[in-house]
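By convention here, the first residue in the shown sequence is residue 1. These numbers come from the heavy atoms of this one structure, side chains and all, not from hydrogens, waters or symmetry mates.
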Amino acid sequence: MESEDSEVRRAALNTLLATARLRGERGVRASFAGAAAPGNGRRTIFDCEQGRFLPTAVMVRPEDGPESVDESVNRAFDALGLTRDFYQKVFQRNSIDARGMRLDGFVHFDVKFNNAFWDGRHMVFGDGDGKQFSNLSHSLTVAAHELTHGVTDHTSGFEYHNQSGALNESMSDVFGSLVQQWSLKQSAEEADWLIGADVFTPGIDADALRSMKAPGHAFNNALFGKDPQPDRMSKFVHLPDTEEGDFGAVHFNSGIPNKAFFLAAVGIGGFAWEAAGAIWFESLKASSADSQFQDFADTTFQKAGELFGVGSPEQSAVLAAWQEVEIQIRGVPTGAALARSFAVNGNGGVGRQDGLTALTRQIGELSAKMTGLAKDVAALKKTR
């Protein structure tokens, strides 16, 4: 189904693509990096009163202040706190920058503003127009998604275009979803794996901005058409590296690594933040700004071996997940795709034993080679 008015649909799609950026304003985030004073992640919420100039916003709730009569203020305050606490308790990270960055949130930004964004220092929420979006401060996954852009800025610094940009977006979806799962104490099997389901097109049931479980099936309505996200490399979307081209389709192609994370998390089983989340977080910290899908996949495989053991069910689940989205881990023979049937049964246990021992040994040898190569490269860099 598509809107009969192509201009309306084009405007709606542009709004959808802008969910994680605001007409290039996210581009200023690098200049703000590290500029915020440390404060152990203390939260302060400000009311923009429908204005756009943040310095004139009114402080309405500090960290130690009472609840507000404004639900938007309280929801934003809680979302910042849950995201902060998730990174602290799960990954021992002190706020966004690991140095206690203060968390300043701004609600009621502009009039009927269909967006929420992180600009490098501030978290800003629009109220939505009630048609495309409801109040953005009411979505934990959206808030955690945006704040995770800040975490990415202070770790890998994934460049915001093409595959590295899609990885940037995917990291925000991965940890945005994990914050919600952690807050609800949901297992990987229980979670809905949806981003923005609570604020996207409030008049339309059963849709979301993105589905990590089923990229390409998050929505299908007259306003936006059908979800364009691919779930594997053979469906990779090619768009120009321009703002109109979504900087190389970063919001579209993020569906591929999103699906890989979902598959790894469900393959391992249990709480996704405990194993799959740890693997992805360590991989995020170990990645470089220009990493491509292949680079990141290889890194997750290596980190899974380091964290849980070479040839472990966790590492096998990571291997199988990337193979499912048509990314082959470098150095692992194509035949190792059998890991999908050998590796894990969804509860962290082995599903089949025949052939697993040989496969585990093969994975172990290859992982050891990759680790040795990484050490050699690091040593060469130090001698330069």
Side-chain angles (χ1 to χ4, degrees), residues 20 26 28-48 54-68 70-109 116-125 136-158 168 171-172 174-185 271-274 277-278 280-287:
R26 285 222 31 234
V28 304
R29 68 186 188 278
S31 66
F32 284 128
N40 293 318
R42 285 179 60 85
R43 296 164 290 176
T44 308
I45 306 300
F46 300 83
D47 187 348
C48 294
L54 300 187
T56 62
V58 178
M59 186 181 74
V60 287
R61 186 174 179 183
E63 178 68 42
D64 51 0
E67 284 194 10
S68 170
D70 185 339
E71 188 63 17
S72 295
V73 171
N74 297 327
R75 295 288 288 268
F77 184 86
D78 291 343
L80 296 186
L82 283 168
T83 304
R84 175 199 63 192
D85 293 348
F86 168 83
Y87 279 107
Q88 173 62 50
K89 295 179 180 179
V90 177
F91 300 126
Q92 293 74 56
R93 185 176 183 85
N94 186 8
S95 193
I96 298 303
D97 63 351
R99 298 193 299 270
M101 177 186 282
R102 297 177 62 89
L103 299 177
D104 292 339
F106 294 76
V107 299
H108 304 309
F109 178 82
F117 64 94
W118 166 260
D119 70 0
R121 285 184 60 183
H122 315 105
M123 184 65 231
V124 182
F125 301 94
L136 278 297
S137 66
H138 290 197
S139 175
L140 177 57
T141 55
V142 167
H145 170 108
E146 292 301 331
L147 288 168
T148 297
H149 279 303
V151 175
T152 297
D153 291 341
H154 288 280
T155 51
S156 69
F158 284 139
N168 193 315
M171 294 305 103
S172 282
V174 164
F175 294 105
S177 180
L178 289 186
V179 169
Q180 177 162 283
Q181 292 177 40
W182 178 77
S183 72
L184 298 173
K185 299 299 180 281
F271 294 127
W273 61 86
E274 292 183 341
W280 254 245
F281 189 66
E282 290 303 313
S283 299
L284 173 64
K285 294 192 295 182
S287 295

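- Rounded to the nearest 0.5 angstrom, Leu147 CG and Thr152 OG1 are separated by 11.0 Å.
- Nearest heavy-atom pair, Leu82 versus Ser183, reported as atom, atom and distance to 0.1 Å: CD2-CB, 4.1 Å.
- Taking all atoms of both residues into account, the shortest heavy-atom contact from Val142 to Ala116 is CG1-CB, 3.8 Å.
- Partners of Lys285 by salt bridge (Lys or Arg N to Asp or Glu O under 4.0 Å), not counting sequence neighbours, listed by chain and number: Glu282.
- Side-chain contact check for Arg75 versus Phe125: every heavy-atom pair is 4.5 Å or farther apart.
- Atoms CZ and CD1, from Phe77 and Ile45 in turn, are 7.0 Å apart once rounded to the nearest 0.5 Å.
- The distance from the NE2 atom of His145 to the CD atom of Gln180 is 14.0 Å, given to the nearest 0.5 Å.
- In this structure, the side chains of Arg121 and Asp104 stay at 4.5 Å or more apart for every pair of heavy atoms.
- Side-chain contact between Arg102 and Thr44 is present, with at least one heavy-atom pair separated by less than 4.5 Å.
- Shown here for Glu146 and Phe117, the closest heavy-atom pair between the two residues is OE1-CA, 3.6 Å.
- Scanning both residues, Phe175 and Phe86, for their nearest heavy atoms gives CD2-CE2, 4.2 Å.
- Between the CZ atom in Phe109 and the OG atom in Ser137 there is a gap of 14.0 Å [rounded to 0.5 Å].
- When side chains are defined from C-beta on, Met171 counts as touching Trp280, because their heavy atoms get closer than 4.5 Å.
- Nearest heavy atom pair, residue Ser95 against residue Gly41, reads OG-CA, 3.8 Å.
- For the pair Phe281/Val90, no side-chain contact is recorded, criterion being any heavy-atom separation below 4.5 Å from C-beta on.
- A distance of 5.0 Å separates CZ in Arg61 from CG in Asn74, rounded to the nearest 0.5 Å.
- Shown here for Gly150 and Ile96, the closest heavy-atom pair between the two residues is C-CG2, 3.3 Å.
- By the salt bridge (Lys or Arg N to Asp or Glu O under 4.0 Å) test, Arg43 pairs with Glu63, sequence neighbours left out.
- Contact check for Thr148 versus Tyr87: side-chain heavy atoms found under the 4.5 Å cut-off.
- At least one side-chain heavy atom of Leu54 sits under 4.5 Å from a side-chain heavy atom of Val124.
- In terms of the ring-ring contact (aromatic ring centres under 6.0 Å, His included) criterion, residue partners of Phe106 (sequence neighbours excluded) are, by chain and number, Phe46, His122.
- The CG atom of Asn40 sits 13.0 Å away from atom CE of Met101, with the distance rounded to the nearest 0.5 Å.
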